[in-house]
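Structure record follows, encoded as structure tokens.
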Amino acid sequence: MPELPEVEVTRLSLAPHLMGAQIQHLRLGKPLRWPLGTAPERLCDLQVLALRRRGKYLLLDLNQGLLLVHLGMSGSLRFFATTPPPAGAHDHADLQTDLGTLRLHDPRRFGALVYAPQGERDPIAQKLLGHLGLEPLETAFTPRALHAGLQQKKSAIKQVLLAGAVVVGVGNIYASEALFLAKIRPTTRANRISLARATRLHAAIQSVLRQALAAGGSTLRDFRNAQGESGYFIQHAAVYGRAGLPCRDCGTPIRQLLQGQRSSFFCPHCQHV
DNA sequence: CACGGATCCTGATGGC
DNA sequence: TGCCATCAGGATCCGT
């Protein structure tokens, strides 16, 4: 469900509610991808100082340590200013604060809630964040930097984008969309992409992510922001989920293929090598 | 050590 | 209607 835009939309809608909140209780449901890494009681009385994002991770800076939240494939966060409704079968964490309750809903449980007592330099934070590539909407992400990163990778560009070691936050939907905009085939080896084409891809990634952000995140299935509202970007997808349908630019049927167990979509006419 | 594949889990969907 | 196979927005881990 969540790629960078969805996580960022979540962060933006959550920040005003969580800023300065004091944790009173943490209730955990079924296990998530990783254990919390501490006893839930240890978080009591800690205060939320800031809400940041790194790739698809949400980072809650506490006055002692850092709480990392990942939404996996099916996760979403909601904030309840008053008493939340009873937890459902897939509500696996309730972070109760003096300002309200942050609830993590995640049917597939690929998501995670992890406490790093020593903040970003904590080993667990290093393990999860240390290898991440550039933030696509920050100034360090330039056409040259993208090109340089791609030069190091021999795999297909689609898989390099998904891996997050060069640039973070681009998931399965936006990878296909960005490659279509840049007119690059998903199967092209990353190190065979010229500076000119990397420059197009750079612009395409930013354009696709910014559009999705402005639209409030995609809504392929059930993405909701912290207020429970859904976005609508996916209805404008150029290629994602459109196998067999005519390309919006040239009419050629969109093709679907499998790369690393993930579907890719592309127009065989508009996207060369 | 870089790469590709298997893997975690539940729900929705479509074919028979 | 029921049963089964397939697929879904992620990312780590493990074997080669």
Side-chain angles (χ1 to χ4, degrees), chain A residues 1-10 29-35 37 53-58 68-77 88-93 104-114 123-133 149-179 186-187 189-192 205 208-209 211-213 215-225 230-237 239-244 256-265:
Chain A
M1 169 213 296
E3 301 187 27
L4 182 147
E6 290 75 26
V7 178
E8 182 64 9
V9 163
T10 299
K30 287 190 185 181
L32 296 164
R33 175 156 193 181
W34 296 295
R53 179 189 56 72
R54 179 72 176 103
K56 295 168 192 163
Y57 285 90
L58 270 177
L68 295 97
V69 185
H70 199 290
L71 300 178
M73 291 275 252
S74 58
S76 58
L77 288 167
H90 303 302
D91 297 327
H92 300 303
L104 174 62
H105 175 87
D106 186 5
R108 293 178 72 182
R109 292 191 281 128
F110 290 170
L113 182 66
V114 174
I124 187 66
Q126 278 298 310
K127 178 183 134 186
L128 298 180
L129 309 175
H131 62 281
L132 294 182
L150 297 185
Q151 288 298 107
Q152 310 297 115
K153 305 285 177 184
K154 295 180 196 163
S155 325
I157 180 62
K158 164 75 172 355
Q159 299 191 249
V160 170
L161 290 179
L162 284 190
V166 175
V167 56
V168 296
V170 184
N172 205 40
I173 296 179
Y174 302 124
S176 277
E177 292 297 303
L179 288 169
T187 47
R189 311 267 142 195
N191 61 356
R192 308 266 309 271
I205 289 170
V208 160
L209 294 180
Q211 265 193 60
L213 258 174
S218 72
T219 181
L220 179 66
R221 287 207 160 72
D222 54 1
F223 176 70
R224 299 287 145 94
N225 67 13
S230 63
Y232 56 88
F233 170 80
I234 196 61
Q235 295 160 22
H236 309 311
V239 289
Y240 184 84
R242 299 193 67 243
Q256 176 173 7
L257 58 90
L258 223 51
Q259 294 180 284
Q261 286 90 258
R262 313 298 301 279
S263 283
S264 302
F265 301 86

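By convention in this document, chain letters (A, B, ...) are assigned in the order of the sequence lines, proteins followed by strands, and residues within each chain are numbered from 1. Just so we're clear, the structure is a prediction, and the values are computed from it rather than from any experiment.
Between Val168(A) and Lys56(A), every side-chain heavy-atom pair lies at or beyond the 4.5 Å cut-off. The shortest distance between side-chain heavy atoms of His105(A) and Asp91(A) falls below 4.5 Å. Using a 4.5 Å heavy-atom threshold, the side chains of Leu4(A) and Arg53(A) count as touching.
Here dG5(B) presents its P atom at 10 Å from CD of Gln259(A), a figure rounded to the nearest Å. A straight line from CG of Leu113(A) to P of dG10(C) spans 20 Å, rounded to a whole angstrom. Between the NZ atom of Lys30(A) and the C1' atom of dT10(B) there is a distance of 8 Å, given to the nearest Å. Separating the CD atom of Gln159(A) from the P atom of dA2(B) is a distance of 16 Å, rounded to the nearest angstrom. Atom CE of Met73(A) and atom P of dT7(B) are 16 Å apart (whole Å). We find that NZ of Lys153(A) is positioned 8 Å from C1' of dA2(B), with the value rounded to whole Å. Following rounding to the nearest Å, Asp106(A) (CG) and dT10(B) (P) show an atom-to-atom distance of 11 Å. Atom NZ of Lys154(A) and atom C1' of dC3(B) are 9 Å apart (whole Å).
Separating the NE2 atom in His90(A) from the NZ atom in Lys30(A) is a distance of 7.0 Å, to the nearest 0.5 Å. For the atom pair Tyr174(A) OH and Leu162(A) CG, the distance stands at 13.5 Å (nearest 0.5 Å). Atom OG1 of Thr187(A) is separated from atom CD of Gln159(A) by 10.0 Å, given to the nearest 0.5 angstrom. With rounding to the nearest 0.5 Å, the separation of CD in Gln259(A) from CD1 in Ile157(A) is 10.0 Å. Separating the CZ atom in Phe110(A) from the CZ atom in Arg33(A) is a distance of 8.0 Å, to the nearest 0.5 Å. Distance check, rounded to the nearest 0.5 Å: CG of Leu113(A) to CG of Leu77(A) gives 9.0 Å.
At a threshold of 4.0 angstrom between heavy atoms, the contacts of Gln256(A) are confined to the sugar-phosphate backbone, with no base atom among them.
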Subject >> Per-nucleotide protein contact string for nucleotides 11-16 of chain C (B base, S sugar-phosphate only, - none; heavy atom under 4.0 Å) >> reply: BBS---

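Among dG4(B), dG11(B), dC3(B), the nucleotide with an atom closest to any side-chain atom of Pro107(A) is dG11(B).
For the pair His90(A) and dG11(B), the criterion of a side-chain N or O lying under 4.0 Å from OP1 or OP2 is met. Contact annotation: Ser263(A) side-chain N/O to dC7(C) OP1/OP2 distance is not under 4.0 Å.
Contact between Asp106(A) and Leu71(A) at its shortest, heavy atoms only, is OD2-O, 4.1 Å.
Both Ala89(A) and Gln152(A) sit near DNA chain B, but only Gln152(A) has its closest nucleotide nearer the 5' end.
Under the stacking criterion of a centre-to-centre distance below 5.5 angstrom and an interplanar angle below 30°, Phe110(A) sits stacked against the six-membered ring of dC8(B).
Comparing dC3(C) with dC9(B), their P atoms are spaced 24 Å from each other, to the whole Å. A gap of 16 Å separates the P atoms of dG5(B) and dC7(C), to the nearest Å.
Interface remark: the Arg109(A) side chain does not form any donor-acceptor pair with the dC9(B) base, using a distance-only criterion of under 3.5 Å.
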Original post:
Could you write out DNA chain C as a dot-bracket string, with dots for unpaired bases, | for bases paired across to another strand, and Watson-Crick or G-U pairs counted at under 3.5 Å?
Top reply: .|||||||.|||||||

